[in-house]
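Presented below is the structure to which this report refers.
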Protein chains: 2
Amino acid sequence: MDTTRLDGDVCTVHEIDPEAVKYAKEHALPARNIERLSRLFSALSDPTRLRILHALTISKELCVCDLAIVVDLSVSAVSHQLRLLRDRDLVRARRDGRMVHYSLADEHVRHLMDTGVVHANEG
Amino acid sequence: MDTTRLDGDVCTVHEIDPEAVKYAKEHALPARNIERLSRLFSALSDPTRLRILHALTISKELCVCDLAIVVDLSVSAVSHQLRLLRDRDLVRARRDGRMVHYSLADEHVRHLMDTGVVHANEG
DNA sequence: TATCCATGTGAGCATTCTTTCAGATTTGGA
DNA sequence: TCCAAATCTGAAAGAATGCTCACATGGATA
């Protein structure tokens, strides 16, 4: 694994603070963790999905149709987003007849949103 | 503000659970909060930015050039991302001569990342 | 079986994002 | 002043994203 880039847009000679660079490189998160983190935060980065998740934090369970009404979007749009949230393990689906009820997968999601809210409302 | 959509892709008749829908709508987060949350998580949703932020959690301060080496991308790419992180108040810049040292804006960022890591590594 | 209804899915379009490239800006020093 | 170094910036290409539309699927009921 090479550490220096070949093209000309990088520090011309070498690092400014080799110690810090070395330390940061050695303690960097593994690619897989970065990937997981990225996918998690990506799932939380869309207004529609945030509204869906928030609705599920206050109403324990909601079907696709009701969620569509709450967020005021087409059922199809909501279904697409729910699939993404399901794939990322943020929500869980419970089938009941021809309806599917969605709920938060676990308390981590709620905690993440709460933490985010705290940060976002301090600027 | 009307609550029912006019096109044909929504629940044909009316809500399945009107109580839950009403409750979720009344307690929905204001648009401004959703917007802020979305922008915050968006900032955390990109692998490059996550690696930059993580580097800053372990090395208190790093200049653009060193950050570029750590994440193995062009200085320009890193500079673009740093601008975004600065605009979103996730990092802070300190000028020192012709160099600019970046650091985390506050402890919230670290906490958010930690929370994310915990969640992401439990699947 | 036939039909309806809630949900799931694929294609397509418009928009946004991330990076590269080329060049501008700012600072320090000869 | 003049140049080099570190950073910033705008434009543009390629990828990714979110929605709509049309249709498929699966379960309930007649």
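Please read all numbers here as calculations on a predicted model, not as lab measurements. So that the names make sense, note that chain A is the first sequence line, chain B the second, and so on, each numbered from 1.
We find the OG1-CG distance between T115(A) and L112(B) to be 6.0 Å, quoted to the nearest 0.5 Å. Atoms NZ and OG, on K60(B) and S103(B) in that order, are 8.5 Å from each other to the nearest 0.5 Å.
Applying the 4.0 Å criterion to OP1 and OP2 of dC8(D), one finds that R83(B) has every side-chain N and O outside that range. Within the structure, a side-chain polar atom (N or O) of Q81(B) is placed less than 4.0 Å from OP1 or OP2 of dT19(C). Distances shorter than 4.0 Å separate some side-chain N or O of Y102(B) from OP1 or OP2 on dC8(D). Residue R49(B) places at least one side-chain N or O closer than 4.0 Å to OP1 or OP2 of dT18(C). Distances shorter than 4.0 Å separate some side-chain N or O of S74(B) from OP1 or OP2 on dT20(C).
Checking dC19(D), dT19(C), dT7(C) against the side-chain heavy atoms of M99(A) singles out dT7(C) as nearest. Of the listed nucleotides (dT7(D), dT19(C), dG18(D)), dT19(C) has the atom at the smallest distance from the side chain of D46(B).
A salt bridge links E107(A) with R110(A): the distance from a Lys NZ or Arg NE/NH1/NH2 to an Asp or Glu carboxylate oxygen falls below 4.0 Å. A salt bridge does not link E35(A) to R32(A): none of the charged nitrogens lies less than 4.0 Å from a carboxylate oxygen.
The 5' end of DNA chain D is approached more closely, in terms of each residue's nearest nucleotide, by V100(B) than by the other of L84(A) and V100(B). Each of H80(A) and S42(A) was matched to the nucleotide of DNA chain D holding its nearest heavy atom; the match closer to the 5' end belongs to S42(A).
Taking atom CG on L44(A) and atom P on dT17(D), their separation rounds to 14 Å, with Å as the unit. Atoms CG (L73(A)) and P (dT7(C)) sit 15 Å apart, rounded to a whole Å. Rounded to whole Å, the distance from CZ on R39(A) to P on dA16(D) is 11 Å. Rounded to whole Å, atom C1' of dT7(C) lies 12 Å from atom NE2 of H101(A). If you measure from atom CZ of R94(B) to atom P of dT7(D), you get 12 Å, rounded to the nearest angstrom. In this structure, R95(A) places its CZ atom 13 Å from P of dA6(C), rounding to the nearest Å.
Donor-acceptor pairing under 3.5 Å, judged by distance alone, is absent between the side chain of S76(A) and the base of dT7(C).
Put simply, the residue from R51(A), R49(A), R86(A) that forms a side-chain hydrogen bond (donor to acceptor under 3.5 Å, both in side chains) with Q81(A) is R49(A).
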